[in-house]
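Order of the sequence lines fixes the chain letters, A, B, ..., with proteins taken first and strands second; residue numbering starts at 1 for each chain. Because only heavy atoms are used, hydrogens play no part in the values below, and waters and symmetry mates are left out as well, while side chains stay in. As the structure is a computational prediction, the values presented were derived from the model and not from experiment.
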Amino acid sequence: MPKTVAEKILSRVAARDATAGDLVIAPVSRVMVHDSVIDAVIAGLRDLGKERVWDTTKVAVFVDHAAPAPTPVVADSHRVLREWVRAQGIATFYDAGEGVCHQIMVEEGYCEPGTVIVGSDSHSNSYGAVGAFGAGMGATDVAVALALGRTWLRVPESIKVTFTGRPRKGVTMKDAIMRVVREVGTDGARYKCVEFHGAGTLPQGDRITLAGMTTEMGAKAGIVVGTPEAPDWLFPDRGAAYVNEVTVDLSTLEPQIAVPPRVDQVVDVSEAVGQPVDVVFLGSCTNGRLVDMRQAAAVLRGRRISPEVRLEVVPSSRRQFEDAMADGTLLALSAAGAVIGSSGCGPCLGRTGGVLAGQEICLSTANRNYRGRMGSADASIFIGSPYVAAVAALTGVIDDPRPYLEAGDDAFDDLVERRRSERAGRGAASVRSGDRSRELMVAAARSGVAAEIDD
Amino acid sequence: MARAWVFGDDLDTDQIVPGRYAPFMVGQDKFHTYAFCDARPGFASDVRQGDILVGGENFGCGSSREYAVAALAKHGIGGIVAKSFARIFFRNCINLGIPVLESAEAVTLVHDGDAVTLDLGAGRLRAPAGDARLRPLAPFAQEILAAGGVVAYLREHGDFPPVA
Ligand code: SF4
């Protein structure tokens, strides 16, 4: 029978002919564990009567979800985690500030295409960016995988998503995946694998955005077909069966906005124009890479964000952080008034680094906008692309970023003025320390750091 | 007799235990006292051993955070009956020994506060307004539940149940 990519991978690893609906016991190529579940994972291993993980070379551990530790309770838990890592002899350990687990798992090459990886995090689907079957699981499942090197899986049905055309300037793959979520819904891919076609040649970061956000549709896994990392066999057979097919024409796509409190409540940006925001968060495993920061800097370089808005930028890994430092992107964002956080999850899940107060409205580039996700249950979270985030930080309202990217300086300033005056008076205006952007850029250029001034 | 707690569609794990009350944030002995603190204030003090949760579509969506399920297990929830479940939540419940049963009609048949009986043998949730039929679980899951969860099962057998 012709097979989907999920059926191929699971047949291969389980060494049997598996089709959707079958239960398989699958050996895993790696297990990913992060700080926020470590206590439960260690307890699970203990309850299982297992002293040691099955293979110390196949376990990757991260401190990223509440890092650096915001409270003594968290700090104690991190200490326990470090002691456990040392006692087990696990070498693949990334401490606070190294970045978000998923970003590092993919960019440092820990995800072997065509294998099964169990992660302690719901966005472990991200590993499909390079053709791995990444499945997020709870602490007990992770403890079992750590003990046995195996997990049980029901072979999922697949949904085929095809992208055609090229996006216009100011439209990103974040908008593309939000369009898919809008189409499929938060549970439309429940127990299923989302197979992406027409995305294999995109940059790795875009593929992480796509695969990771399949979680928002309830998917078990999300796999991009035809990536440079994938082996030849990692293609669906002609005639493979799909439960649903979705096609998105990127050439006509608008920037998309998810309206709180649902991530599938997605509208074209034109329907959200003028929505005030108090806080903008640029970061997360979905959109915290160099390219995302550069897109924001394309809007913000040489300008100052609205005095009534707070902008938090959190690079998704140290590599992304340093690349953005080296090319002047972080300097441009800081000079525009951004707070730059250490690499990690940051405020994405409301535990550290600028949580939201009641009634506050946030525009986030992350992937979730549930009530209470980023702090107070009375805050609201809109989700959008880095371009939308940058414009929201600048003006204090949600707006279509495309006119800003096209405008000359005068027209640009007019656009900003108009939007700012619409919003004025919602929050207190913060004084931001002196505008040193030129001075700093020159210093950076002198010291030999490539301060690229244009996008 | 158990009490039924009825919820709607898309009940996410942040509503079961908000992230800010994770064990990680408030300690292992306290997090379950925040169960449904935003979504259903009073739940944690009024819930009784054996009570049944009833819901609509996509019950337990959101993060993979198992402590949401652990909180329900600590309160001794006797079972969850919903139209459908989010996949990680479903696995977590089986692993921690909470029966999770799909039923198309339970959420309309059962009212919040009803006295109900979960009859797994007969595949029925018995409520004042009638019986809701439950979809049978795969034998694999039944074996794990019968052992009280995956940890207990593995301790006893050393490996997963056969997958047929
Ligand atoms: S960045 Fe956000 S979505 Fe990604 S792993 Fe961290 S908390 Fe989860």
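Contact check for B/Ile88 versus A/Ser122: side-chain heavy atoms found under the 4.5 Å cut-off.
B/Gln15 does not touch chain A: none of its heavy atoms, backbone or side chain, sits under 4.5 Å away. For A/Ala143, no part lies under 4.5 angstrom from a heavy atom of chain B. Contacts of A/Arg46 with chain B are made by backbone atoms alone, with heavy-atom separations under 4.5 Å and no side-chain atom involved. Looking at A/Asp76, neither its backbone nor its side chain comes within 4.5 Å of chain B, counting heavy atoms on both sides. With a 4.5 angstrom heavy-atom cutoff, B/Phe89 does not touch chain A via any of its atoms. In this structure, the portions of A/Thr140 lying under 4.5 Å from any heavy atom of chain B include both its backbone and its side chain. In this structure, chain B has a heavy atom under 4.5 Å from the side chain of A/Arg190, while its backbone stays farther away.
To the nearest 0.5 angstrom, B/Cys61 atom SG is 10.0 Å from A/Glu216 atom CD. Rounded to the nearest 0.5 angstrom, A/Arg154 CZ and B/Arg91 CZ are separated by 11.5 Å. Distance CG/B/Asn58 to CG/A/Asp187: 4.0 Å, rounded to 0.5 Å. Note that the CD atom of B/Glu66 and the OG atom of A/Ser120 stand 10.5 Å from one another [nearest 0.5 Å].
In terms of non-hydrogen atom pairs under 4.5 Å with chain B, the most contact-rich of A/Thr186, A/Asp22, A/Val355 is A/Thr186. Most heavy-atom pairs under 4.5 Å with chain B, from the set A/Leu349, A/Asp35, A/Val24, A/Thr71: that is A/Asp35.
Of all residues in residues 144-153 of chain A, those placing a non-hydrogen atom less than 4.5 angstrom from a non-hydrogen atom of chain B are A/Val144, A/Leu148, A/Arg150, A/Thr151, A/Trp152, A/Leu153. Residues of residues 41-56 of chain B having a heavy atom under 4.5 Å from any heavy atom of chain A: none.
Atom NZ of A/Lys50 sits in a sparse spot, with 12 or fewer heavy atoms from other residues, nucleotides or ligands closer than 6.0 Å. Open room surrounds CZ on B/Arg133; 12 or fewer heavy atoms of other groups in view lie less than 6.0 Å from it. Other residues, nucleotides and ligands place more than 12 heavy atoms under 6.0 Å from the CZ atom of A/Arg16.
Using modelled atom types, no side-chain atom of B/Tyr67 and backbone atom of A/Ala139 make a donor-acceptor pair closer than 3.5 Å. Of the possible polar contacts, one joining the B/Arg155 side chain to the A/Asp47 backbone as a donor-acceptor pair under 3.5 Å is found.
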Could you check B/Asn92 against A/Asp141 for side-chain contact (heavy atoms from CB on, under 4.5 Å), going step by step and ending with a plain yes or no?
-> CA-CA 8 Å; B/Asn92 290 345; A/Asp141 269 318; 4.2 Å; yes

Does the salt bridge (Lys or Arg N to Asp or Glu O under 4.0 Å) test come out yes or no for A/Arg368 and B/Asp14, once each step is laid out?
-> CA-CA 11 Å; A/Arg368 292 206 158 135; B/Asp14 284 72; 5.9 Å; no

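For the pair A/Gly136 and B/Arg87, the tightest heavy-atom approach, listed with the atom from each and the gap, is O-NH2, 2.6 Å. When all heavy atoms of B/Ala22 and A/Arg351 are compared, the closest pair comes out as CB-NH2, 4.0 Å.
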